[in-house]
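A short worksheet on the structure shown next.
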Amino acid sequence: MPLKHLSGNFLITESFPVFAPMSAGSSRARAALTVQAAGQTFPFMLELLSATGSKIEEATPIAMFADTEEKQAAALKLKELFDSHGSDKAGSNKGRGHNYHLLYGSILVTQDASAVLEIGLGTNNVEFVSNMGKRGKPGASLRAFRDFLPSAHVYGADIDRSILFNEERIATFFVDQTDISSFSVLGAAVPDELDLIIDDGLHSPNANLATLIFGLGRLKLDGCLVIEDISPRSLAIWQVIAASLPPDQYRSQIVAADQAFLFLVRRLA
Ligand SMILES: C[S@@+](CC[C@H](N)C(=O)[O-])C[C@H]1O[C@@H](n2cnc3c(N)ncnc32)[C@H](O)[C@@H]1O
């Protein structure tokens, strides 16, 4: 039966078949167990990985990345650019911003990156989830990266087609992170190898995974992929993912920032 015709307990068990018990019982009890399974599955996976000897990533404070004067200077310059262009990556946005410049300053310290891709332009259309409010400035962080990196081309992608734009060394494209096939059009438009890929889009685990599936194979050697704005409540998912990536090919880290966590992957081989 189509989901739209279901309600209450049946809607829960049919919407989340992965977690529904394959057992007889009242619809109420089965729905409650389905919700419980959704909540327990990743924490239990993490326990299993730990019990079987996998290394479980603990969070690294973001300030530890800016560990040289050069990196601190780069972070400060990036902060000024994020703030002046209207991105919340470095603490603007009426104090509700982040301190992500400390991480990006360390990744981009040499300023020789040639290709950066960010999912999430910053729509000011409040109908879209993950919007930046009516006063948001779409493209703010793309412009900051463009101005910081003298020879880079900066690519952006977003679900809101009405904010896509092209200007000096910036090109943007449509993507819907919940539709993995939409990444193939994006993939054809951007270079095969990227120095940095950022996910600042929908901020839900399935959307993030779609970015990882697309992005890991597009990283240059030593290139980085960053998933922003991870809730402390989702951390187990990212610890499981960190433990699942092949350690000889990727170095994964969980980064603790002011108000959220980030997931950082560097391509090693
Ligand atoms: C927080 S804003 C990005 C802010 C911007 N990076 C900055 O720092 O200025 C998040 C963006 O993700 C976009 N978004 C929401 N859902 C999406 C999806 N399913 N696929 C792609 N982008 C999405 C929103 O339209 C919004 O523009």
Side-chain angles (χ1 to χ4, degrees), residues 3 6 8-65 96 98-100 102-103 119-120 129-130 177-180 197-216 219 224-268:
L3 288 180
L6 296 175
N9 294 324
F10 287 113
L11 183 59
I12 293 172
T13 45
E14 292 307 305
S15 297
F16 305 107
V18 170
F19 299 116
M22 212 173 119
S23 319
S26 72
S27 58
R28 187 174 173 184
R30 294 185 76 254
L33 288 164
T34 302
V35 172
Q36 184 186 55
Q40 288 183 339
T41 296
F42 272 96
F44 284 8
M45 279 173 79
L46 198 58
E47 288 215 18
L48 177 66
L49 286 167
S50 175
T52 50
S54 292
K55 177 176 173 283
I56 305 302
E57 269 302 312
E58 294 301 329
T60 305
I62 197 164
M64 288 182 67
F65 288 84
R96 292 196 301 271
H98 304 284
N99 55 350
Y100 298 166
L102 297 173
L103 178 63
I119 314 287
V129 173
S130 200
Q177 292 177 284
T178 65
D179 173 9
I180 212 155
I197 301 174
I198 298 169
D199 183 340
D200 185 17
L202 180 56
H203 303 308
S204 66
N206 55 329
N208 297 146
L209 281 167
T211 304
L212 271 184
I213 292 164
F214 164 78
L216 284 183
L219 287 178
C224 289
L225 191 154
V226 177
I227 310 277
E228 293 186 357
D229 296 3
I230 294 171
S231 155
R233 293 186 288 189
S234 310
L235 215 50
I237 296 180
W238 294 96
Q239 289 172 307
V240 168
I241 294 169
S244 312
L245 293 179
D248 53 333
Q249 289 178 53
Y250 300 104
R251 165 91 169 101
S252 325
Q253 282 174 281
I254 311 257
V255 182
D258 264 354
Q259 307 183 41
F261 291 90
L262 302 95
F263 184 70
L264 166 67
V265 190
R266 189 181 288 272
R267 186 178 156 206
L268 302 177

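All residue numbers in this chain count up from 1 along the given sequence.
Here salt bridge (charged side-chain N to carboxylate O under 4.0 Å, His left out) pairs that include residues 12-35, with residues two or more places apart or in two chains, number zero.
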Please output the side-chain donor-acceptor pairs of residues 36-54 that fall under 3.5 Å, not counting sequence neighbours, one pair per line with the distance.
| unit_1 | atom_1 | unit_2 | atom_2 | d |
| --- | --- | --- | --- | --- |
| Thr41 | OG1 | Ala37 | O | 2.5 |
| Thr52 | OG1 | Leu48 | O | 2.7 |
| Thr52 | OG1 | Leu49 | O | 3.2 |

Under 3.5 Å, sequence neighbours excluded: what are the donor-acceptor pairs made by side chains of residues 201-208?
| unit_1 | atom_1 | unit_2 | atom_2 | d |
| --- | --- | --- | --- | --- |
| His203 | ND1 | Glu228 | O | 3.4 |
| His203 | NE2 | Asp200 | OD1 | 2.9 |
| His203 | NE2 | Gly201 | O | 3.4 |
| His203 | NE2 | Asp229 | OD2 | 3.2 |
| Ser204 | OG | Asn206 | OD1 | 2.7 |
| Asn208 | ND2 | Asp199 | OD2 | 3.0 |

Output a table of donor-acceptor pairs, distance under 3.5 Å, between side-chain atoms of residues 231-242 and any protein atom two or more places apart or on a different chain; print 'none' if there are none.
| unit_1 | atom_1 | unit_2 | atom_2 | d |
| --- | --- | --- | --- | --- |
| Ser231 | OG | Arg233 | N | 3.0 |
| Gln239 | NE2 | Glu57 | O | 2.9 |

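With a 4.5 Å cut-off on side-chain heavy atoms, Pro21 and Thr34 count as touching. Contact check for Tyr100 versus Val226: no side-chain heavy atoms found under the 4.5 Å cut-off. Ile254 has its side chain out of reach of Ile230: every pair of non-hydrogen atoms, C-beta onward, lies at least 4.5 Å apart.
With sequence neighbours excluded, the residues that form a side chain to side chain contact (heavy atoms under 4.5 Å, CB included) with Ala256 are Ala59, Phe261. Partners of Asp258 according to the side chain to side chain donor-acceptor pair (under 3.5 Å) rule, which considers only residues two or more places apart in sequence or in another chain, are Asn99.
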Query - Tyr250 vs Arg267, side chain to side chain contact (heavy atoms under 4.5 Å, CB included): CA-CA, chis, key distance, verdict - result: CA-CA 5 Å; Tyr250 300 104; Arg267 186 178 156 206; 4.0 Å; yes
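Atom CG of residue Leu216 and atom OG of residue Ser252 lie 8.5 Å apart, to the nearest 0.5 angstrom. Within the model, atoms OG1 of Thr211 and CD1 of Ile227 stand 5.5 Å from one another, a figure rounded to the nearest 0.5 Å.
Residues Val265 and Leu219 approach most closely at O-CD1, 4.3 Å, considering heavy atoms.
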